[in-house]
There are 2 protein chains.
Amino acid sequence: MTALKKPKSRIGEVNVERILDAALGVFARHGYSGARIDQIAEAAEMSKPNLLYYFRNKEELYRAVLRRTLDMWLGPLRELDPAKDPREALGNYIECKLSYSRTHPMASRLFAIEIMQGAQHLSEVLSTELAQLVEAKKATIRRWIEEKRLADIDPYHLLFAIWATTQHYADFAAQIQSLTGKDLSDEAFFAATKRSVTTIMLDGLVRHP
Amino acid sequence: MTALKKPKSRIGEVNVERILDAALGVFARHGYSGARIDQIAEAAEMSKPNLLYYFRNKEELYRAVLRRTLDMWLGPLRELDPAKDPREALGNYIECKLSYSRTHPMASRLFAIEIMQGAQHLSEVLSTELAQLVEAKKATIRRWIEEKRLADIDPYHLLFAIWATTQHYADFAAQIQSLTGKDLSDEAFFAATKRSVTTIMLDGLVRHP
DNA sequence: GTCTATAAGCGGATAGAC
DNA sequence: GTCTATCCGCTTATAGAC
C-alpha cells in the first residue's frame, strides 16, 4: 500500500532515484531552507504532490539525500592503506579525494554547508562512524611517524589539511572559477591541481638545501 | 528625515552596529534564506519593524553585512610582504589567516556559504578586487620561485592551499569539535594547529633523507 | 501512482499610533 | 525612533478525484 522509503515497484524505485538526484542539486545550491520542493519536483520532472507521495516531507527528503551520499563521502578514507608506503598511500588518498571533488562537487558542497551550519543532521554520524574511522587511521599515521617515514605531525591536523585542500576545489569552485576561469572538469586543470596539491602536502613549499 | 544607510544620530549608529553584529551571527548560521528577520531583531534586542526602519529589507541587510566584513576578509593577503623571506612571509600569512579563523569564525563561514551557493552577491568583488589582489601576489610568489627559494608551484594553487587549510578551522569547526572536542578558541589547540599547518605547508609531510 | 485544488501557516513588509 | 497590529504572498503539505 504505502511505497514510502521501500518502494516495491520498479517505477517507484526509479522515481525515488530521480527525486534524490534532483534534491542533491537543489539542496547543495540553496541550502535546506532555501530549497523549494516544487523546484526539486520540477528538476525531477514530477508534480509536487507526487514527490510528497514518496517523501513525507522536506526534512525526510533532506535526510535521505544526506544518507545516500554518506558512504561515498566516507569511502576514500577507508581505503587509506597502512601496508603501503606513506608517500604512496597519502598520494593515493589525495588523488582519490580530488577525483571525488571533480565528479561529485555537489555532494561535497552539500556536506560542507550542512557542517558549516552546525551539522545538526550529521552530528550523530560525525561522532560515531567518522570518529571511529578517524581513530583507526590515526593509528596508521602514528606508525608511519614512529618509523620516521612521516613528519612528526598530529594525525588530526594531517587529515584536516588533506580534507581542506582537496574539498576546497569543489566547495569554493565559484571563487576558483572567478579567479582562474577553470574548474576540475577541465582535464588539464585537474592534472595541474593534483600535481600542485600533492607537492605542497607531501614535499612542502620551502626548498630545503 | 530618512536615517537609512547614513544615520545622523548617535543612537542610530549604535543600532545599525547592533543589527549588523546580530545579522552576521544569524546569516552565518542559517544562510541567507534560512535567516529570519525577527531572529536577527531579537538578537539585536529590537523589534522587527524597528530593524526594518534601518534596513529597507532583508537583501539590503545581507549586502551590508557582507560589505562590512569584506575588508577584514581581504586584509591578510594585502600584508603578504615580497621583501621578506618566503618562509617568514608565508608563515606570517598562515598565522594571520589562522588568527582570523579564531577571532572571526562567523565571518569566515558567511563568506564560505555565500561562495558555495554560487557567490551571487560576491561575484563582482571576486572578479575585481580579489582578482587584482591575487594578480599582484602572483608576481611576488613567482619571484620567490625564480630565486629558487620556493618550490615550483603554480601561485594559484599555493594560495588556494593556504586559504583552504586555514579557513577550514573556522568553516568546519563543528566537525573538528566533534572529532577532537576542541576549537581554535582553546589556546593550546590554536598553538598546535598553527605549528602543524605551518609545518605541513612549508616543510611537507614526507621526510626527505 | 499521479493529478488539480486547496488548506494552513509562516515570514517579510507596512500602517499608523505614540 | 519605536511600538502593536496586520496584511499579503509564498511554500509546505493534504484532500480527494482519476
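Chain letters run A, B, ... following the sequence lines, proteins first, then strands; residues in each count from 1.
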Item to check | Spacing of B:Tyr62 atom OH relative to C:dG12 atom P, expressed in whole Å | outcome: 15 Å
Item to check | Distance in angstrom units between A:Ile37 CD1 and C:dC10 C1', rounded | outcome: 14 Å
Item to check | Sidechain N-carboxylate O distance under 4.0 Å for A:Glu95, A:Arg102 | outcome: no
Item to check | Basic-acidic side-chain contact under 4.0 Å: A:Glu17, A:Arg68 | outcome: yes
Checklist entry - If we only count heavy atoms from C-beta on, is the A:Trp144 to A:Leu90 side-chain gap below 4.5 Å? => result yes
Next on the checklist: Between A:Asn50 and C:dG1, is there a contact of a side-chain N or O with OP1 or OP2 at under 4.0 Å?
Outcome noted: no
Checklist entry - By a strict heavy-atom criterion of less than 4.0 Å, which residues belonging to residues 17-31 of chain A are in contact with DNA chain D? => result none
Checklist entry - Once you round it to whole Å, what is the distance between P of C:dG11 and CD of B:Glu59? => result 19 Å
Next on the checklist: Once rounded to the nearest 0.5 Å, what's the spacing between atom OG of A:Ser108 and atom CE of A:Met72?
Outcome noted: 10.0 Å
Checklist entry - Does the side chain of B:Arg56 get closer than 4.0 angstrom to OP1 or OP2 of C:dA13 through an N or O atom? => result no
Item to check | From CD1 (A:Ile115) to CD1 (B:Ile176), nearest 0.5 Å | outcome: 9.5 Å
Checklist entry - Between A:Ile200, A:Val197, A:Leu179, A:Thr165, which is the residue that forms a side chain to side chain contact (heavy atoms under 4.5 Å, CB included) with B:Phe160? => result A:Leu179
Checklist entry - Does A:Lys138 come within less than 4.0 Å of A:Glu135, counting only side-chain N to carboxylate O? => result yes
Checklist entry - Are the side chain of A:Thr193 and the backbone N or O of A:Phe189 linked by a donor-acceptor pair below 3.5 Å? => result yes
Checklist entry - Given atom CG of A:Leu52 and atom P of C:dT2, what is their separation to the nearest angstrom? => result 13 Å
Next on the checklist: With heavy-atom distances below 4.5 Å as the criterion, would you say the side chains of B:Phe27 and B:Leu61 are in contact?
Outcome noted: yes
Next on the checklist: Could you tell me how far apart A:Ile40 (CD1) and D:dT11 (C1') are, to the nearest whole angstrom?
Outcome noted: 12 Å
Item to check | A:Asn15 CG - C:dC3 C1' separation (whole Å) | outcome: 14 Å
Item to check | Sequence-aligned protein contact record of nucleotides 4-9 of chain C, with B where the base is within under 4.0 Å of a protein heavy atom and S where only the sugar-phosphate is | outcome: BB----
Checklist entry - How long is the span from the OH atom in B:Tyr62 to the CG atom in B:Leu110, to the nearest 0.5 Å? => result 5.0 Å
Next on the checklist: From CD of B:Gln39 over to P of C:dG12, roughly how many Å is that when rounded to an integer?
Outcome noted: 9 Å
Checklist entry - Hey, does B:Ala41 reach any base, or is it just sugar-phosphate, or nothing, if we go heavy atoms under 4.0 Å? => result nothing
Next on the checklist: Using 0.5 Å steps for rounding, measure from the CG atom of B:Leu158 to the CD1 atom of B:Ile153.
Outcome noted: 7.0 Å
Next on the checklist: Less than 4.0 angstrom between a side-chain N/O of B:Asn57 and OP1 or OP2 of C:dG12, yes or no?
Outcome noted: no
Item to check | the helix from C:dG1-D:dC18 to C:dC18-D:dG1: angle between end helix axes, five pairs per end, rounded to 10 degrees | outcome: 0°
Checklist entry - Hey, is the side chain of A:Tyr53 poking within less than 4.0 Å of OP1 or OP2 on D:dT14, counting only N and O atoms? => result no
Next on the checklist: Counting C-beta onward and ignoring hydrogens, is there a side-chain heavy-atom pair between A:Ile113 and A:Tyr32 closer than 4.5 Å?
Outcome noted: no
Checklist entry - To the nearest Å, how far apart are B:Arg36 CZ and C:dC10 C1'? => result 8 Å
